[in-house]
Structure formats: structure tokens, C-alpha cells
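One structure is given here, and the rest of the page talks about it.
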Amino acid sequence: MNNLLADPAPDFDQPVAVLKHCHGRIRKQLATMEKLLAHLPEHGADEQARQAATAVLKYFDKAAHLHHEDEEQDLLPMLLAVAKGDDAATLQALAPMILQEHKDMDAMWQDLHEQLAGIADGSGTQLSASIVRRFVQSYHGHMEREEGIVAPMALRLFGPDQMARLGGAMRQRRGLQQAVAPAPSIGEQVADLRKDYGQARLDESDVADDPMDQFTRWFEEALKAEVNEPNAMSVATVGEDGRPTSRIVLVKQFDARGFTWYTNYDSQKGRQLASKPFAALLFFWSELERQVRIEGRVERTSAEESDKYFNSRPLKSRLSAIASEQSEPIANRAALEEHYEQVARQYGEAPPRPQHWGGFRLVPERIEFWQGRRSRFHDRIVYTRQEDGSWTRQRLQP
């Protein structure tokens, strides 16, 4: 009537598998209860019936409530904390239902407990068929919802850290000690740093025909979202030896002509662009789970444009541009500060723009818009400039 051999259980480093294993054990006890219901009228509380009732009591008294607590105190709150969009709406509707089912099943168990206790000690033979059937039906429906909706959602939304947290809570609830493993190095931990994206999507029907219009739209959204330094971009250049280098600079203007930034023409990037006038830009707005990749030819801005921007800068920034021989070595910070003071004394309140300082403009030939999506199945739409100046657009695989 009841299989008394323990099933091998998965370890708590696989908490969702443990939850499903618990469901399997519950199903066996429910089946035992139904068999007991058919057994009692003919055989009464014989040895077989007493063993079956004892096994059902043992499991539901000692283990079933832990499964409910796993869901109520950890699994559901953790899912509600990370779910967005349709997932969040599904959980908002489902979570109250699951909690109410727990209460209803606990109430039914109290009635069944008294009857099963009598069978287990041989003092009774009554087991309510209606309560057993409602109890079994409630549990089966409850587990099917969890296995069909909650468990897949947890596997999809939880990263390694969240799985470890859930498994640790479940282990602690059962009074089990976790085996102590050697702590991984910080370099090894990098592999476990994951974030699943899901804030938005990028569809061909939603994007502008012109990539500069699309960039303007996204940049405005980055400003509204108060992204940290939305104008910060990586600029990658290549030296004469073919080796790439990159750094973060601030874009100071973008329009139909391209993307403009200002720097020292004698710096490393200035020298590299003089010999190989091509670059790649990258904007990364983590708060919006977006990045924009831009490639193209680089040209210098006019002297008039450079003068206009230079004179709009704060005084100390203008003095710094004169004082610093960008990318060249210097003995120490004190020497750098002393050079700045000399420049400040020399030029006062109206320092002129040095000839070696000015603007670069990248004229885009390729612009890719990247929107993070769940499970690394990101949206990527790329624009490519044609010889006549028009743009083609296509989707790329993630």
C-alpha cells in the first residue's frame, strides 16, 4: 500500500528540483490515502492499514508544511521581486491563490489527521471519503499550477545567486548543514555574474527609418530615465601596429553629420586617428538594458566649431587642456599641478584654444541598436549607410 523506501533526493543546490521531488513524495502519500480509503471497509485497521496511516501522518506532519513555507517565505517573494511585465501580472494573480490553497489544505489535513491517528493506533476505522477526495484534488491542482507556471518561471528568472539563496533557505529550514566548499577566487566568481534582461523590446515596426532619429529617441529616453552619464561613450581606435585601444569620452554633439567629441590631437587617440581615421563608438545604458554600437570614418571639426566649444568650457577646464600634454609621461602629480599653475598665471581669465586641441566627428556608416531580452535572446537592429547616403535596416541574431 505504501512504498517505505526513501527516494533519492536532489541536492539543495537545485532547489527547483527539490520542490518537484517533494511533489513526487506528496503524490505517493495521496495515492496511499486513496488506497487506504478502499482498504478499510473490507479489512479494517489491520497491520497494513496501520502502517499506511502512520506513513501518511509522518510525511504530512513533518515534511509537507516545510514545502508550503518554502513557497510562502522564499520562492514566491523572490519571484515577485524580479518578475516584470506578463510574469509579474501572472504572479500577482497566482500568489494569493496559492496561499489560500495552503490554508484550505491545512484545514482539511487537521480533520484527516485525527481520523488517520485513530487508524494508526488501531482505535478507529473511519476515514472521510469526501474530505480525502477534496484533499487529493486540491493538492493535485495546486502542484500542477506550481509545476506548470511557478517552477518554469523560477528556472527562467533566477540566476545562480538567487538559486543559491533559495536552496540555502530550504536547507536551513530543514536543519541541514551545507558542506563547506573552498571559496572560489574573484576571477572564478565572474562566470556566475548574470543578469536576465526584460524591460523592453526592439521591433522593426517600432524603430525610425533614420538611425539618427532612432538614436535621438533613445538618448531622450536615457535622459528621462536619469541614466548615469548618458553621454559617456567608449571610443575604440587602432594604431599603426594594428592593435586596438579604447577609452571613455563624452559626446558633445550629435546630429545628421555624426557624433562629435573634443580632445588633444597629440594624444594617443589623436595620433591613431591621424594615421587610421576610423573608430567605433559604444554607448551602454545599463539602466535601460540598451547599447548602441557605431562605426565610421572620423574627421576633424572646423576651427570655428572647436573655438566655440572650447570657449564654452569652464575656465579651469580650458587651462587644463593647455597644461596637459595628454598621454605623455610626467614625473608625479606635483609636477602636473605646477605646470597648471604656470599656465594659469600666463593666460589668466582668457586662455586661447591651443592648436593641438579640438574636435573629432565620427561620420557613421553602421549603427546598431541593442535591446537586452530574456535568456540572452536579445533584439539587435542594425542600420548600414549606402553609397547614395540612404540607410538599410535589418535584424541580427543575438
With side chains defined as the heavy atoms from C-beta onward, is the minimum distance between [X] and [Y] less than 4.5 Å?
X    : Y    : answer
W109 : D61  : yes
N332 : L336 : no
Y340 : S324 : no
H378 : Q371 : no

Dump the intermediate steps for side chain to side chain donor-acceptor pair (under 3.5 Å) on H140 and E144, then the final yes or no. CA-CA 6 Å; H140 278 304; E144 287 171 5; 5.3 Å; no
Side chain to side chain donor-acceptor pair (under 3.5 Å) between E114 and Q110, worked out: CA-CA 7 Å; E114 183 176 353; Q110 294 305 314; over 6 Å; no
To check you understand the geometry: which heavy-atom pair defines the closest contact between [X] and [Y], and what is its length?
X    : Y    : result
S375 : R156 : OG-CG, 4.2 Å
R374 : L157 : NH1-CD2, 3.1 Å
G372 : W370 : N-CZ3, 3.5 Å

Between Q253 and D255, do the side chains contain an N or O donor and an N or O acceptor separated by less than 3.5 Å? yes
Does any N or O in the side chain of R271 come within less than 3.5 Å of the main-chain N or O of D266, such that one atom is a donor and the other an acceptor? yes
Between D106 and H65, does a side chain to side chain donor-acceptor pair (under 3.5 Å) hold up when you go through it step by step? CA-CA 8 Å; D106 288 344; H65 69 282; over 6 Å; no
Does the ring of Y383 carry R366 above it, NZ/CZ under 6.0 angstrom from centre and within 45° of its axis? no
Within 45° of the ring axis of W218 and under 6.0 Å from its six-membered ring centre, is that where the NZ or CZ of R290 lies? yes
Mind checking the CG-CZ spacing from L94 to R145? Nearest 0.5 Å is all I need. 7.5 Å
Enter the distance from T260:OG1 to K252:NZ here, rounded to the nearest 0.5 Å. 12.0 Å
Does anything in residues 123-135 pair up under side-chain hydrogen bond (donor to acceptor under 3.5 Å, both in side chains), and if so which pairs, sequence neighbours excluded? D121-S123, S128-S130
With a 6.0 Å cut-off (strictly less than), is the heavy-atom count around [atom1] of [X], excluding the residue itself, greater than 12?
X    : atom1 : value
R174 : CZ    : yes
Q137 : CD    : no
Q342 : CD    : yes
E72  : CD    : yes

Could you tell me which residues satisfy side chain to side chain donor-acceptor pair (under 3.5 Å) with R243, sequence neighbours excluded, listed by chain and number? none
